[in-house]
2 protein chains.
Amino acid sequence: MTKGKITKLSVSDVRFPTSLEQHGSDAMHTDPDYSVVYVVIETDGGLKGYGITFTIGRGTEIVVCAVEALSALVIGKSLEDIVSDFRSFYRLLTSDGQMRWIGPEKGVIQLATAAILNAIWDMWARAEGKPLWKLLVDMEPRQLIRCIDFRYLSDALTEQEALEEQMLKEGYPAYTTSCAWLGYSDEQLTELCSAALAEGWTKFKVKVGADLQDDIRRCSLIRKMIGPEKTLMIDANQRWDVAEAITWVTKLAEFRPLWIEEPTCPDDILGHAAISKALAPLGIGVATGEQCHNRVMFKQFLQASALQFVQIDSCRVGSVNENLATILMAAKFKVPVCPHAGGVGLCELVHHLSIFDYISVSASLDNRMCEYVDHLHEHFKSPTLIRNAHYMPPKDPGYSTEMFEESVKKHQFPDGEVWKSILEKK
Amino acid sequence: MTKGKITKLSVSDVRFPTSLEQHGSDAMHTDPDYSVVYVVIETDGGLKGYGITFTIGRGTEIVVCAVEALSALVIGKSLEDIVSDFRSFYRLLTSDGQMRWIGPEKGVIQLATAAILNAIWDMWARAEGKPLWKLLVDMEPRQLIRCIDFRYLSDALTEQEALEEQMLKEGYPAYTTSCAWLGYSDEQLTELCSAALAEGWTKFKVKVGADLQDDIRRCSLIRKMIGPEKTLMIDANQRWDVAEAITWVTKLAEFRPLWIEEPTCPDDILGHAAISKALAPLGIGVATGEQCHNRVMFKQFLQASALQFVQIDSCRVGSVNENLATILMAAKFKVPVCPHAGGVGLCELVHHLSIFDYISVSASLDNRMCEYVDHLHEHFKSPTLIRNAHYMPPKDPGYSTEMFEESVKKHQFPDGEVWKSILEKK
C-alpha cells in the first residue's frame with residue numbers, strides 16, 4: 001500500500017451564508033452560517049485525502065487553529081504507518097500529553113481531530129479504490145476492531161464481543177428536516193411539505209422549543225398534511241430544563257411524534273433518562289447525539305436507558321474510529337442508530353456509516369433512518385443520491401468528503417468572493 | 001460604579017517550561033509545560049481586570065484564538081452593564097448562536113470563557129476595592145444568585161433553595177501535591193516529604209496509575225514517613241477503565257487513602273458511581289472535577305452519588321458564575337468541595353472560592369481542604385500566603401489574577417526570552 005509519506009496538510013475556513021435565509025435555524029442556533037473546516041492531506045507519492053468537520057460560522061477559525069496545532073502529529077507519517085495501527089494513531093491525536101488538557105476528547109480539539117481523521121479515512125478508501133462504506137464492509141473484523149480506542153469502554157463493550165457481528169445489503173431509509181426549520185413561515189412549511197410528499201418522503205422532522213403555541217400550530221399543520229400513517233419527529237435543540245421538557249412534549253403528544261430530539265443539555269445523561277422514563281407511556285422516545293462529544297458519553301446514555309435513538313454524527317467525534325465504537329455499543333444495547341445529518345457534508349459522510357451499520361452490524365431497518373437535509377450538496381464532488389426517500393450507496397472511492405475547488409475558494413472566510421461582498425455591505 | 005466602557009482586551013500565550021524538571025507529571029500528562037492564557041481588559045475610565053485560564057503547553061494558542069473570537073462580545077460594554085445582569089452576560093458568552101456549536105460549554109471555548117470571566121470578576125472586585133472572596137461574601141444573596149445561569153439545573157437546584165445559605169469566618173486548610181509527582185524519584189519523594197512535614201503539612205497527595213508496583217512502593221514510603229494519623233490521597237489522572245480502577249485501588253487500600261482522584265474518564269459519571277460503590281466498603285472516596293467541563297456534569301455526578309469530594313477548578317468552567325452553581329449544589333447534596341489547584345495561578349484564584357464556601361455556604365471544615373502546589377507563585381502580584389498548612393485569606397483587591405509584566409514578557413510563547421533560548425537549542 002505504501003505511497004509515500006504525508007508531506008502536506010492544508011486547512012481552510014469555508015462558510016456558507018445560510019443565516020441570510022434562516023436555513024438551519026432552531027431554538028438555540030438562530031442564525032447559523034453553515035461552515036466547514038476543510039482539510040486536504042497529500043503524500044509525496046500522490047495520495048490525497050479530504051476531510052471536513054462541520055461548524056456554524058463564528059468560531060470556525062478556532063477549529064482551524066486546532067487543526068494546525070494537530071498537524072505536526074500527522075506530517076511525516078505514511079498512510080500505512082497510520083492504518084496498520086490505527087488505534088495508536090487515534091490515541092496519539094486525542095491524548096497528546098499537552099493538548100489533551102484543552103479537551104479532553106471534546107469541543108474544539110475533538111472537532112479538529114474529526115476533520116483530520118475524516119481525511120485519513122478518505123485517503124485510505126481512495127487508496128483502496130473503494131467508497132468508505134465498502135472499505136468498512138470488506139474489512140476483517142479484527143482489523144475493524146483495531147481502529148477503535150476501547151479505553152474507558154471496557155465496562156460496556158470488550159473487543160471479544162465486538163467481533164460477533166454480521167452482513168447483508170441494501171439502500172438506506174432517509175427522513176427530511178428540510179421542511180420545518182424554526183425560522184420558516186407557515187406558508188413555507190406548507191409548500192415545502194407538499195413538495196416533499198410529492199417526492200415520496202414519508203418521515204418528517206419539525207423544529208420546536210421556542211414557543212408552545214407556535215409548536216402546536218406547526219405540528220398540527222404538518223400532521224394534517226402527512227396523514228396519520230407517516231412519521232413525525234420533533235427537535236428542541238437543547239432548549240429546555242428537564243421538567244420543562246416533559247411538560248412541553250406532553251402537550252405535543254397528540255401529534256404522535258416518534259421522538260423528541262435534544263430535549264435538554266446534551267451532557268445531561270440522567271436528565272435524558274428522566275425524560276425517557278416520563279415519555280415512554282406516551283410512546284415518545286428520546287433521540288440525541290449530534291452534540292454528544294465522545295464514545296464515553298454514548299456509553300452512559302446507553303447504560304442509563306437515556307435515549308431510544310442514537311444519533312451519531314460524522315464530524316463531532318473522532319471520525320469513523322469513534323463512531324465504530326458507538327455503532328457496536330448501540331447494537332449491544334439494542335438501540336437503533338439514526339444518524340444526525342444536514343449541515344455541510346454531514347449527509348455525504350454519515351450515510352457511509354449507516355450503510356455499514358445495516359450490512360455488517362444491525363442487519364435491521366426497524367426504526368432506523370438517516371436524517372436528510374437538502375442543501376449545499378452541490379459543493380461536493382460525490383454528492384448524496386436520494387431515490388424514493390432512500391440514500392443510495394455511494395460508488396466513488398473515498399469518504400465523499402472532497403469539495404469542488406471553486407466552492408472552497410468562493411466561500412473561504414473572510415477572503416472568498418462570497419464573504420467579501422457580504423462583509424463589504426456590513 | 002460606572003467607570004467607562006471596556007475598550008481593550010489583550011491576550012497572551014504564557015508558558016513555563018516545567019516539563020524540563022518533570023514538575024506536574026502524571027500518568028496521562030507526562031511532559032506538561034504549565035501555561036496560562038493571560039487576558040487583560042481595560043476600560044476607558046481606567047479600570048483594569050486580569051484573567052487567566054490554565055493549560056499545559058501545546059494547544060495554548062488555540063485557546064488564545066478562542067479568546068480573540070469571544071472578545072467582540074466584551075468590547076464596548078461597561079462593567080456595570082455586565083454585572084447588573086451577569087447571568088445574561090454569561091449566557092451571551094456561552095450561548096452565542098454560532099460559537100456555541102464548537103462547545104457547547106466545554107473544552108477550548110469554555111477555557112476561553114473562563115479566562116475572560118475571571119478578568120471581569122477581577123475587575124469587579126478591584127472596582128469595589130475588595131479581594132474577590134470578600135466581594136462574594138458581602139454580596140446580597142439575590143445578587144449572587146443573579147450571577148448563575150440556572151439553565152439545565154432546575155431539576156437539582158432552584159433559585160429559591162439557593163438563597164438558604166449562611167455565614168462565618170476563618171483561614172482554609174490546604175493539602176500538598178508538591179511531594180509526589182509521578183516523574184519524581186524515591187529520593188526526591190523522601191526529601192520533599194520530610195521538608196513538608198517540617199513545614200507543618202498534614203495532608204499529602206501521591207500520583208499513581210502508571211505501574212502498580214511503583215505505586216505500592218511510593219504509597220508505602222509516604223505512609224511510613226507521615227505516620228498513621230495524617231491524611232494520604234491518591235490521584236490516577238484518568239488512567240484506568242472502570243473495573244481496572246477498582247482492582248488497582250483495592251490493592252492500595254492498605255495505605256488508607258482518603259480518596260482516589262480521577263480514577264477513569266472525567267466524563268464517565270456512571271463509571272465513577274460504580275467505582276464509588278465498590279470502594280465505599282474500603283473507606284475510600286472518589287474525588288473528581290478538575291476536568292469536569294460544566295455545571296451540568298457536576299449536577300449529574302452529585303445526583304448519581306458518583307463522587308464524595310467535589311474538586312471545582314477556577315479555570316476550566318465559566319468562572320465564579322459557574323462555580324457558584326456547583327458550590328451550591330454540593331451544599332445541597334452534602335458533599336464537601338475540595339478544589340483542584342496547582343498549575344499556574346489556580347491556587348491564587350480558587351482559594352477565594354474556598355473561603356467564600358466556608359463563610360457563606362458550608363460553614364464546615366469537615367473533610368474540606370484545598371489543594372496546594374508550591375510552584376510559579378512568584379509570577380503573581382498577590383501570591384497565595386500559606387501559614388501552617390492553611391491558606392490565609394487574601395487582602396488585595398481583585399481575584400489575585402494579575403501577573404508581573406516581566407513574567408508575562410519573559411514567558412510569552414514563542415517569542416519571550418525563556419522560550420527563545422529553549423527553542424533555539426531544539
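Side chains are part of it too, since the values below use all heavy atoms of this structure and drop only hydrogens, waters and symmetry mates. Residue numbers start from 1 in every chain, and the chains themselves are labelled A, B, ... in the order their sequence lines are given, proteins ahead of strands.
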Under 4.5 Å to a heavy atom of chain A? For B/Ala304 that would be both
### Query
Quick check: does any side chain N or O of B/Gln303 sit under 3.5 Å from a backbone N or O of A/Gly271, one acting as donor and the other as acceptor?
no
task: Report yes if some heavy atom in the side chain of A/His293 is under 4.5 Å from a heavy atom in the side chain of B/His293; otherwise report no.
output: yes
Turns out that what part of A/Met297 lies under 4.5 Å from chain B's heavy atoms comes down to side chain
If one checks every heavy atom of A/Asn294 against chain B at 4.5 Å, the contacting part turns out to be side chain
Under 4.5 Å to a heavy atom of chain A? For B/Ile269 that would be both
In terms of heavy-atom pairs under 4.5 Å with chain B, the winner among A/Leu270, A/Val242, A/Val64, A/Thr60 is A/Leu270
Greatest number of non-hydrogen atom pairs under 4.5 angstrom with chain A, of B/Val63, B/Asp33, B/Ile109, falls to B/Asp33
Applying a strict 4.5 Å limit to non-hydrogen atoms, the region of A/Gln238 in contact with chain B is both
Next on the checklist: Which label fits A/Trp101 and B/His340: parallel for a plane angle under 30°, tilted from 30 to 60°, or perpendicular past 60°?
Outcome noted: tilted
Only residue of B/Thr53, B/Thr55, B/Ile56, B/Val37 satisfying side-chain contact (heavy atoms from CB on, under 4.5 Å) with A/Ile102 is B/Thr55
Answer key: most heavy-atom pairs under 4.5 Å with chain A among B/Met99, B/Gln300, B/Arg316 is B/Gln300
Ranking A/Leu111, A/Val108, A/Asp267, A/Thr264 by heavy-atom pairs under 4.5 Å to chain B gives rank one to A/Asp267
*Does A/Asp31 offer a backbone N or O that forms a donor-acceptor pair with the side chain of B/Gln98 under 3.5 Å?*
yes
Pair count under 4.5 Å, heavy atoms only, with chain A: among B/Gly59, B/Cys65, B/Ala69, highest is B/Cys65
When the 4.5 angstrom heavy-atom criterion is applied to A/Ala66 and chain B, the contacting part is both
Bottom line for A/Arg239: the part with an atom under 4.5 Å from chain B's heavy atoms is both
Turns out that what part of A/Pro104 lies under 4.5 Å from chain B's heavy atoms comes down to both
Max heavy-atom pairs within cutoff under 4.5 Å with chain A, candidates B/Asp96, B/Asp268, B/Val296, goes to B/Asp268
- Item | Heavy-atom side-chain contact between A/Arg100 and B/Gln291 under 4.5 Å | yes
